[in-house]
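A short worksheet on the structure shown next.
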Amino acid sequence: MPAAGNFKVCVCGASGGIGQPLSMLIAMDSNVAELAIYDLSTAPVPVQGVAADLSHFERKCKVTSYARDLQSGATPSEVLKEALTGCHLVMVPAGVPRKPGMDRADLLKVNIGIAQEIVEACAKFCPDAIVGLIVNPVNSVVPAMAELYRRKGLDSKKIIGVTTLDVVRANKFVHEVTGAAVDQINIPVIGGHAGSTILPLFSQDAAGKTVPADKLEALDKRVQDAGTEVVTAKAGKGSATLSMAYAGARFASAVLSGLAGERRTECAYLESSVTELPFFSQRVTFGPKGVEEVHPIGPLSAHETKRLEAVKKQLKGEIEDGINALPPAS
Ligand code: NAI
């Protein structure tokens, strides 16, 4: 593993609403020596243009770009070979955001195919890299992609769902309610990454504990529905992109710091045995080999205990949906 400051990262879907600001923040991370960015030639902004723009930062990071021209017949694997070779971390904000009239099943049908072509290429060219999946629905896409790695005899714990935005939101909302210093707040958010499967554990944080009892339920609900706040405010013209990029960069920084020997702990969704479910989001410590420790849930309040049962019921079905959507092994 290279020393701190010498890592290669690839962002797939880098021309998108999340992809552009995420690539910017990653290019500014002092642990990143090379950033490869990838998108389709049909992306709203040519990925070569995003790379040219990023390459003018007065930072050491070298930026390269790779576009897949759908007309040329080039496969994702062919285009991604150079981008992924030597990568330590691959971030995947490629995919279609939910549009009006689309339900979760429609979204899964489209996005699982996009995730699969990228994850298949990771398996081929950088099987030791951590793959951070932002593409929704995370609750279903991650189990499917982990299953794909398992079928290939690879480490399925390299496939990680990025749920950091839930933590970021919970921290900010607790700051707003309590006035505690925002950089001192760290609310673990466990379970999954959609609606009622998102479970913030306010009781496990010093500031979170001080939230008045009559405000707890509303705060819990606000974290669950925060994505809708953004979609509504953007009047249907997009979902959370800037806050997601911020959260994605926080996740990437934790993984790279860990690889460089400075262990960091973040909540993340991956294969897990902390509950009876095969996938779960909980606190995870990243170290020199990637995922070093998956932490137990810890003590819960009565409200959190009750919510956990509902979370598990909902999440179980969403995990199964993901695995069932994966084409059978050939
Ligand atoms: P966007 O439409 O602005 O960007 C998506 C990018 O992916 C586009 O540049 C598009 O060309 C690219 N793309 C599409 N198919 C591709 C393929 N086969 N190969 C490579 N690139 C491909 O969408 P946005 O808003 O950036 O969202 C991206 C994804 O992130 C969506 O699935 C969305 O639901 C998800 N998301 C996840 C969040 C999380 O907390 N994990 C939060 C917000 C969104």
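All ligand and atom numbering here is 1-based and tracks the order in the structure.
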Do me a favour and list the nearest non-hydrogen protein atom to [atom] with residue, atom name and distance?
atom: atom 2 (O) of ligand 1; answer: P97 CD, 3.5 Å
atom: atom 36 (N) of ligand 1; answer: N136 ND2, 3.3 Å
atom: atom 4 (O) of ligand 1; answer: G16 CA, 3.2 Å
atom: atom 27 (O) of ligand 1; answer: I18 CD1, 3.5 Å
atom: atom 19 (N) of ligand 1; answer: L40 CD2, 3.6 Å
atom: atom 12 (C) of ligand 1; answer: D39 OD1, 3.2 Å

Common cluster, V231/L165, ILVMFWY with side-chain heavy-atom separation under 4.5 Å: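 As far as the 4.5 Å side-chain criterion goes, L165 and V231 are not connected within one cluster.
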Results of ring pair (Phe, Tyr, Trp, His ring centres under 6.0 Å) for F202 - residues two or more places apart only: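 With sequence neighbours excluded, F202 shows a ring pair (Phe, Tyr, Trp, His ring centres under 6.0 Å) to no residue whatsoever.
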Winner among G248, G95, P93, G13 once heavy atoms are compared against atom 14 (C) of ligand 1: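 Heavy atom nearest to atom 14 (C) of ligand 1 belongs to G95.
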Per-atom contacts of ligand 1 with [X], taking only distances under 4.0 Å to non-hydrogen atoms:
X: Y38; value: 19 (N), 20 (C)
X: A240; value: 43 (C)
X: V96; value: 31 (C), 32 (O)
X: M244; value: 38 (C), 39 (C), 40 (O), 41 (N), 42 (C)
X: E117; value: 17 (C), 18 (N), 19 (N)

Looking only at N/O atoms, are [X] and ligand 1 under 3.5 Å apart anywhere?
X: L107; result: no
X: T241; result: no
X: V138; result: no
X: I118; result: no
X: G17; result: yes
X: N111; result: yes

R283/E266 under salt bridge (charged side-chain N to carboxylate O under 4.0 Å, His left out): CA gap, chis, key distance, verdict: CA-CA 5 Å; R283 292 165 67 250; E266 285 286 350; over 6 Å; no
Charged N-O contact under 4.0 Å between E147 and R151: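 Salt bridge: yes.
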D220/R307 salt bridge by N-O under 4.0 Å criterion: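 Salt bridge: yes.
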Nearest heavy-atom neighbours spanning T241 and G17: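 Nearest pair, atom of T241 first, then G17: CB-O, 3.3 Å.
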Any H193 heavy atom less than 4.0 Å from ligand 1: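 Right, H193 reaches ligand 1.
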Close approach of C12 to ligand 1, heavy atoms, under 4.0 angstrom: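 No, C12 has no heavy atoms under 4.0 Å from ligand 1.
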Pairs where residues 10-24 contributes a residue and the test side chain to side chain donor-acceptor pair (under 3.5 Å) is met, not counting sequence neighbours: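 Found none.
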Side-chain H-bond candidate by donor/acceptor type, [X] with [Y], under 3.5 Å:
X: K62; Y: S55; answer: no
X: S156; Y: E271; answer: yes
X: S281; Y: H193; answer: no
X: T210; Y: T178; answer: no
X: S253; Y: R264; answer: yes

Contact partition for V162 relative to ligand 1, non-hydrogen atoms under 4.0 Å: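 The answer is the backbone of V162.
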Axial cation check for F173 ring with R222, 6.0 Å and 45° limits: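 Yes, a cation-pi geometry holds between R222 and F173.
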